[in-house]
Amino acid sequence: MTSVNAQGLAPWQDAARTTEERVESLLAELTLEEKVAQLGAVWIQSDEPGNVAPLQDRFVVAGGLAERLRYGLGHLTRVYGTAPLTPAEGAARLHSMQEQVMAANRHGIPAIAHEECLTGFATYGATAYPTPLAWAATFDPGLIERMAAAIGADLRAAGVHQGLSPVLDVVRDYRWGRVEETLGEDPYLVGQLGAAYVRGLEGAGIIATLKHFAGYAASRAGRNQAPVSIGPRELADVILPPFETALREGGARSVMGAYNDLDGVPVSADPHLLRRVLRDEWGFEGTVVADYWAIPFLASMHGVAEDLPAAGALAMLAGIDVELPETHAYGEHLVGHVRAGRVNEALVDGSVRRVLRQKIELGLLDGDPAALPHGGTAGEPVNLGLDLDSPRNRRLAAAVAERSIVLLGNPAGVLPLDPATTSRVAVIGPCADDPRTLLGCYAFPNHVLDRYPEHGMGLPIPSVRERLAEEFPHADLRHAVGADVMGDDRSGIERAAELAGGCDLALLFVGDRAGLFGGGTSGEGCDAADLRLPGLQPDLVEAVLATGTPTVLVVVSGRPYALGPYKDRVAAAIQAFLPGVEGGAALAGVLSGRVNPSGRLPVQIPASPAINPSTYLQPPLGRKAEGITVLDPTPAYAFGHGLSYSPIEYVAMATDLAECPVDGEIEVSVTVRNAGGRPAEEVVQLYASDPVAQVARPAVQLIGFARVPLEPGESRVVTFGVPADAFSYTGVELRRIVEPGLITLAAGPSAGEPPLRQAIRLTGETRELRGARRLTTRTRLLEG
């Protein structure tokens with residue numbers, strides 16, 4: 001019988017004890033069945049057709065909640081995020097389900113409630129922020145941390161404990177449908193923005209979940225869940241660093257295993273990644289959760305397990321702690337493996353310890369309040385006045401949208417447009433008047449509400465056209481769709497061209513409509529065959545350009561599309577990566593000059609739609625190679641590129657040392673000046689090249705960046721404190737090293753042709769990096 005203290009609390013409920021004491025006391029009380037139950041999940045799904053997760057319809061579990069709670073429960077899956085429940089309805093539902101969970105198991109242990117939060121809390125009526133690719137375009141970790149803190153506060157107030165975000169997959173092929181969910185193609189940028197998001201979420205008391213560990217975005221031909229055939233060096237130097245940064249510097253407490261295989265070994269069955277790298281090398285003590293149905297996929301998709309029970313054993317041996325979103329392969333199957341001696345109970349105990357530790361950290365074993373939404377307690381009414389689309393959220397969504405929009409080119413100088421003098425303007429294209437084209441695939445209106453058309457958008461989302469009417473109240477704005485994002489109806493193209501031909505200027509809005517599994521042109525399961533604009537939009541662009549009317553091309557998309565055919569023919573070009581609920585206002589503000597654009601490209605914009613797309617992280621032979629091949633992968637716009645309405649000059653660059661030890665640090669100072677008449681924000685980028693190394697290295701690679709606000713005529717100095725660890729790489733013997741030799745540093749507005757260069761020399765003996773290393777370049781701003 002369990003002993004209780006004077007307050008009637010069991011040892012695991014006693015907050016005066018250490019977390020480890022509480023964990024061990026509860027673990028000792030649990031039967032094997034009760035332990036395994038803590039490693040499972042329940043998802044009460046809707047009956048509506050259509051999937052919000054891959055092959056969801058094949059894994060529906062019949063019956064309600066009560067019969068699945070006999071031994072306890074680890075996770076409640078997406079109570080808010082599966083059907084259009086108001087915040088009040090969702091809170092009441094979660095309250096009821098948690099009470100059932102606690103009442104059904106003999107120790108009264110609540111479940112961890114998890115939700116998606118890729119573009120904000122993925123539930124009905126919650127703010128749909130810009131996509132992660134737009135966050136990356138801000139190059140602003142502080143802003144992303146504040147946004148994540150707001151998302152975390154909403155989740156916590158709703159009784160949610162864990163968020164399935166951020167995505168730290170480094171883009172390797174722009175055709176992949178989930179590019180919009182990523183933070184771009186550079187591991188340093190992904191790591192810095194990802195760690196910032198994690199700090200915001202974790203600081204609000206929400207467990208951040210890093211996904212997808214690892215290699216998911218490097219699939220063959222950019223196909224969802226396709227095999228990954230990268231080598232160990234690409235894995236170590238490109239794919240893994242963002243995860244390490246978000247764990248060490250962000251403090252993430254959970255990692256989600258990826259669907260893919262790596263060189264034939266599915267990640268969910270890979271103890272090298274999940275135990276050796278993650279736990280032994282990095283010291284990770286949090287939970288590893290399965291992506292939805294990734295464990296059953298070991299049998300049905302990968303063919304490395306004979307059946308569901310065998311898949312569960314493989315996953316547990318590899319290091320998957322918690323099966324999501326339902327308990328298919330763990331549960332009674334895992335109990336049977338332990339009793340038969342096929343799985344050591346000590347492995348199960350390790351996973352259960354990690355789950356219980358998190359439940360204690362969340363306050364779930366201190367009593368009822370933390371288990372229930374919005375501060376409610378068992379037997380008391382829940383506060384249902386939860387505003388998930390608050391003015392605070394809208395301000396943050398607007399700030400991210402404004403800072404993410406990239407001015408690609410303005411050769412004719414037509415931008416910004418003067419609201420006082422702008423007259424006849426053709427507003428054309430499928431992204432001009434459809435608010436859904438502003439949102440990502442995990443934004444609730446696109447993610448779920450497509451199945452519930454009677455519910456509309458769930459929150460106000462003004463279209464670009466509506467915001468343009470507000471921004472230019474005296475202009476004669478004439479609208480035509482021209483062609484849809486998807487489909488083959490070309491009947492509107494001629495009408496759109498006629499409209500453009502009769503106007504002084506054409507604003508042409510093209511791009512994507514995000515969706516799931518073929519329901520859109522961007523998003524999960526919406527991979528592209530090539531990088532042409534989707535559908536008939538290339539024909540629409542050509543028809544409008546043929547009129548001779550000056551045209552501003554605005555691409556609102558979840559991936560970069562090939563703009564080489566239009567680059568020199570448009571009056572101006574803008575890129576917006578699905579900028580969210582305030583995206584229409586942000587785009588209108590950039591066009592009018594109310595917002596001085598400061599976004600920078602976190603992915604290149606390709607020139608050609610057909611050349612196998614490659615990111616900027618290429619050794620010399622991966623770039624243009626005259627005399628070797630006729631195929632030229634040079635992009636239309638380089639990684640990091642972006643203009644403002646004020647010219648910025650790169651004045652000088654200096655280092656404090658000509659030589660730096662292989663275990664030292666070097667300071668690099670870059671002076672920039674605003675040579676124009678408008679305030680601006682410049683993203684100063686620092687790159688490194690290693691011209692002679694053991695292996696072929698990228699010709700240029702980002703190692704630091706800083707946003708620098710500049711008043712007209714103002715000069716400022718940004719100083720980068722670069723650790724020698726920033727020049728490390730995986731050598732011939734597959735060990736991370738810093739070796740002596742020449743390093744070229746370059747600073748500028750993009751990776752294209754940085755105007756400032758400085759050579760330094762690393763000195764000493766080759767140094768092998770083991771354990772923790774410095775992952776971040778320090779920055780500070782000075783007056784010029």
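Keep in mind that the numbers below use all heavy atoms, side chains included, and drop hydrogens, waters and symmetry copies.
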Inset, instruction - Decide yes or no on ring-ring contact (aromatic ring centres under 6.0 Å, His included) for Y292 and W43, but give the supporting numbers first. - result: CA-CA 11 Å; Y292 285 15; W43 189 6; 5.4 Å; yes

Inset, instruction - Check salt bridge (Lys or Arg N to Asp or Glu O under 4.0 Å) between R357 and all other residues, then give those that pass, not counting sequence neighbours. - result: E20

Legend entry - Partners passing side chain to side chain donor-acceptor pair (under 3.5 Å) against R22 (at least two apart in sequence or in another chain): D366

Legend entry - Check: Q13 side chain, A10 main-chain N or O, donor-acceptor pair, under 3.5 Å: yes

Inset, instruction - Side-chain contact test, heavy atoms from C-beta onward, threshold under 4.5 Å: evaluate it for T209 versus S165 and give yes or no. - result: no

Legend entry - Residue pair A111 / H75: nearest heavy atoms and the distance that separates them: CB-C, 4.1 Å

Inset, instruction - Of all the heavy-atom pairs spanning Y216 and A258, show the shortest one and how long it is. - result: CB-CB, 4.1 Å

Inset, instruction - State which residues pass side-chain contact (heavy atoms from CB on, under 4.5 Å) with D270; sequence neighbours excluded, sorted by chain then number. - result: V265, H272, L273

Inset, instruction - Not counting sequence neighbours, which residues clear side chain to side chain donor-acceptor pair (under 3.5 Å) with T245? List them please. - result: none

Legend entry - Minimum heavy-atom distance V267-L262, with the two atoms named: CG2-CD1, 4.4 Å

Legend entry - ring pair (Phe, Tyr, Trp, His ring centres under 6.0 Å) partners for Y330, two or more places apart: none

Legend entry - Side chain proximity check, T776 to Y188, heavy atoms < 4.5 angstrom: yes

Inset, instruction - Mind checking ring pair (Phe, Tyr, Trp, His ring centres under 6.0 Å) for F720 and listing every partner two or more places apart, or none if nothing turns up? - result: none

